[in-house]
Amino acid sequence: MESVVGTAGVLIPPPGYMEGVRALCDKNGIMFIADEVMAGFGRTGKWFAFQHFNVTPDLITFAKGSNSGYVPVGGVIISDPIAATFNERVFPGGLTYSGHPLAAASIVASIDAMKEEGIVENAAHIGEDILGPGLRDLAERHPVIGEARGLGVFWALDLVSNRETREPLAPYGGTSPAMAELGAEIKKRGALPFMNFNRLHVVPPCTITDAEAQEGLAILDEAFAVIDKHYTG
Ligand SMILES: Cc1ncc(COP(=O)(O)O)c(C=O)c1O
């Protein structure tokens, strides 16, 4: 499972959920694989998103953030007990480019730079001090924002035409004139939105500065002012 689900809506597990999954896995002999491809390497304001919870996965999959995409790479971190299995027998797997030295070096260099430059701390700060308060403020002032949720530099806004019924501003699997207008208004002002059905994702780089995040929030504020007219609730 993704520790914080990404493309499907930046869904943060409620208190106790991850711990419950871990307990079920332990009880039934199931591997707990944390997919940290999107949430890992700083995005949620911790090195790994599962670290927001009281769990230890058996395997952690990673890719994108591990080297900021400088060269294509992905990998799996294997817990000690599972790794020990392969002290006794050969790991029966092979990939054309496994352990590619250039890709591996790009991860080491990226981790070094992230530590030296405090990138994970920056992502946490941006979430706590700029994006979190800023997006919640937008949600208070723009009725179409039904919910703002996220951690670090990993946020999504659920857009609704009615806050009470939570009627989505675009149907599941589709779009709507309101969503298309929102995207156009954001682009017009120089930002590139990621939208999925009735959601706007706010997922800037972990290196974003306070001023850039504030600039982004100001663009969203103006764009939402244009589409508030689509609120019918
Ligand atoms: C959460 C998540 N898991 C897995 C993948 C697939 O990663 P890869 O293409 O490195 O196998 C992606 C790719 O977008 C992803 O976002």
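Here, residue 1 is the first one in the sequence, and each next residue gets the next number. Scope of the values below: all heavy atoms of this structure, side chains included, with no hydrogens, waters or symmetry mates. Indexing begins at 1, ligand by ligand and atom by atom, following the structure's order.
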Establish, from distance only, whether the side-chain atoms of Thr61 and Glu36 form a donor-acceptor pair under 3.5 Å. no
Which residue and heavy atom of the protein sit nearest atom 16 (O) of ligand 1, plus the separation: Met38 CE, 3.3 Å
Are Ser106 and Asn67 linked by a side-chain donor-acceptor pair shorter than 3.5 Å? yes
Those atoms of ligand 1 less than 4.0 Å from some heavy atom in Glu2: 1 (C)
Quick one: does Lys64 get an N or O within less than 3.5 Å of an N or O on ligand 1? yes
Ligand-residue contact atoms, ligand 1 with Val37, heavy atoms, under 4.0 Å: 2 (C), 3 (N), 4 (C), 5 (C), 7 (O), 12 (C), 15 (C)
Say whether Ala63 and ligand 1 are in contact under the criterion: heavy-atom distance to a ligand atom below 4.0 Å. yes
Within-cut-off N or O pair, Asp35 and ligand 1, under 3.5 Å: yes
Under the 4.0 Å line, does any protein heavy atom show up next to atom 10 (O) of ligand 1? yes
Phe48 and Phe41: aromatic ring centres closer than 6.0 Å? yes
Check whether the side chains of His52 and Thr44 place a donor and an acceptor atom closer than 3.5 Å, and report yes or no. yes
Leu200 versus Asp158: any side-chain heavy-atom pair under 4.5 Å? no
OH (Tyr17) with more than 12 external heavy atoms under 6.0 Å: no
